[in-house]
Amino acid sequence: METAVRSTRARTTYSTGTAHPHSHPESGVDEFALLVYERALGHDHVTPGLLAAELDASTHSVEQALNTLRGLRLLKGVDGSDRELVAVSPEAAQLELLLPLESAIHDHRRRLAGVKGQLLSFMKVFDDNRQHRESVVVTDDRREIALRLREAAQNCASEMLLMQPCVTQEPPELVQARPLFAEALRRGVQGRVLYPHTARGDAATRSYTLRLTEAGGQVRTSRDLHARFLVFDRRTAFVTVDDGNDPGGAGSAVTIIYEPSVAMFLGSLHDLAWQSAFPLEQGTSGYAGTLGELRATIVELLALGVKDEVIARRVGLSERTFRRHVAAIMQNLAAGSRFQAGVMAVRTGMLGEAA
């Protein structure tokens, strides 16, 4: 039963624009509603007209405050009246307002525990028959990819390996993997991430790698990244299948591999690239000593006659940024053509940096 309360403190006159001395704006409480509630505590019962007169406020403002207080169960109608109101203690209002919510939360938790218990009964059967599961799945169904990715991440116990050769075209499955990767790191799973050197010049990627390293992950950059994959415990792997038109785009399919021997092979590729990669230390800025290697790779591919868009994709640059690097290389080598740039790079030993 709600308890009506009455204040014995002296009345004080406030204008509608005056801040209430006990208000808490950070909690989202309406200051004027607090003022109306205080006035209501000073009477056995109140009406909207009485409150408007005492507070020198508009009827509209008072009605808004009363609606707020009714919603919080801090005002009740006298004998069912909508105009004569009595103040109710916050403790009584809390019981009426929060008990149903707490009961619903408890019920949902109980149901959740029941569903988990039922699913656990099937896990042993699933694990015992895992060898009968398909070894390779190729799909472009984003929901299926997300579900399989979450399953692999949640079952990961020791190690995650990520190789992402292009910063400007991160596929949807790797975006979806970011919170899963972070959650696994918090569980104590080791995580190693390989990006191209161009990640050092991308603000968004640097921000993400900072969060990874703070969570315990390791990040390095390399020039020798030619595949895009994510491996869990060297048992399950996700490999993006580029369609040639939009590499890593939303329409690209993903190959999901449940064959440990293939996942272990991809893990060994990651190990090989990791050994020669440069640690991405968060205290550094820019390319931090890798710019020469990046530009040597560009010159090498230009000398081989590889198309601009292919080189840009290979080194992980947008075509506009790639052209800026080419212009800088030509200027530094004082070359009048790309062929001449290749010759000058050999003479100056620049290509030796890419070895």
Side-chain angles (χ1 to χ4, degrees), residues 1-5 24-30 33-34 37 66-77 80 82 85-134 137 139 141-160 162 172-191 208 211-212 214-217 230-233 235-238 254 256 258:
M1 177 177 180
E2 294 83 3
T3 305
V5 294
H24 302 280
E26 67 277 5
S27 67
V29 175
D30 185 331
L34 280 171
Y37 180 63
L66 293 178
N67 287 337
T68 298
L69 295 172
R70 289 189 188 101
L72 292 173
R73 305 299 191 269
L74 291 169
L75 284 180
K76 292 288 184 180
D82 190 41
L85 304 167
V86 62
V88 176
S89 72
E91 292 82 2
Q94 182 173 295
L95 286 175
E96 180 180 351
L97 198 61
L98 299 186
L99 275 181
L101 293 177
E102 291 176 349
S103 177
I105 291 172
H106 177 74
D107 183 56
H108 282 299
R109 286 177 176 169
R110 181 177 54 78
R111 291 170 57 191
L112 180 61
V115 171
K116 285 184 176 179
Q118 290 177 329
L119 292 176
L120 284 173
S121 303
F122 293 91
M123 286 187 66
K124 186 177 185 304
V125 177
F126 176 82
D127 290 337
D128 291 343
N129 290 272
R130 193 179 184 91
Q131 64 270 25
H132 301 300
R133 185 176 185 172
E134 64 272 41
V137 175
T139 178
D141 185 321
R142 310 325 298 181
R143 175 174 171 78
E144 180 182 2
I145 294 169
L147 290 173
R148 290 179 182 267
L149 188 62
R150 178 172 294 278
E151 177 197 25
Q154 290 178 342
N155 291 333
C156 184
S158 61
E159 180 187 55
M160 300 174 297
L162 170 62
E173 64 273 10
L174 293 190
V175 176
Q176 292 170 345
R178 285 187 173 190
L180 302 175
F181 208 95
E183 192 277 331
L185 288 174
R186 287 192 292 270
R187 297 200 321 263
V189 175
Q190 294 184 351
Y208 172 60
R211 295 195 298 273
L212 275 181
E214 288 177 343
L230 179 59
V231 181
F232 297 94
D233 287 338
R235 296 182 60 83
T236 305
F238 291 73
V254 173
I256 306 163
Y258 294 102

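Worth knowing before you read on, the calculation uses all heavy atoms, side chains too, and leaves out hydrogens, waters and symmetry mates. Numbering starts at 1 and runs along the sequence shown.
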CG-CD distance between Asp233 and Gln190, expressed to the nearest 0.5 angstrom: 10.5 Å
Starting at CG of Leu147, measure out to CZ of Arg150 and round the result to the nearest 0.5 Å. 8.5 Å
Minimum heavy-atom separation for Val88 to Ala93, with atom names? CG1-N, 4.3 Å
Contact list for residues 97-114, test salt bridge (Lys or Arg N to Asp or Glu O under 4.0 Å), sequence neighbours left out: Asp107-Arg110
Any idea which heavy atoms bring Ala152 and Phe238 closest together, and the distance? CB-CE1, 3.8 Å
My understanding is that only residues two or more places apart in sequence, or in another chain, count here; which of them pass salt bridge (charged side-chain N to carboxylate O under 4.0 Å, His left out) with Arg178? Glu170
Taking all non-hydrogen atoms of both residues into account, name the closest pair between Val231 and Ala237 and its distance. CG2-CB, 4.0 Å
Using side chain to side chain contact (heavy atoms under 4.5 Å, CB included) as the criterion, list what pairs up with Leu97, not counting sequence neighbours. Leu72, Arg73
Any residue meeting side chain to side chain contact (heavy atoms under 4.5 Å, CB included) with Leu162, in chain and number order, not counting sequence neighbours: Leu174, Phe181, Val193, Leu230
Applying side chain to side chain contact (heavy atoms under 4.5 Å, CB included) to Gln176 and not counting sequence neighbours gives Ile145, Ala146, Leu149, Glu173
Say you draw a straight line from CD1 of Ile105 to CG of Leu112; how long is it, rounded to the nearest 0.5 Å? 13.0 Å
Please name the pair of heavy atoms, one in Ala153 and one in Phe232, separated by the smallest distance, quoted to 0.1 Å. CA-CE2, 3.7 Å
Pairing residues for Glu144 by the salt bridge (charged side-chain N to carboxylate O under 4.0 Å, His left out) criterion, not counting sequence neighbours: Arg148
Any idea which heavy atoms bring Val189 and Glu159 closest together, and the distance? CG1-N, 3.5 Å
So Leu95 and Glu91, do their side chains get closer than 4.5 Å, heavy atoms only? no
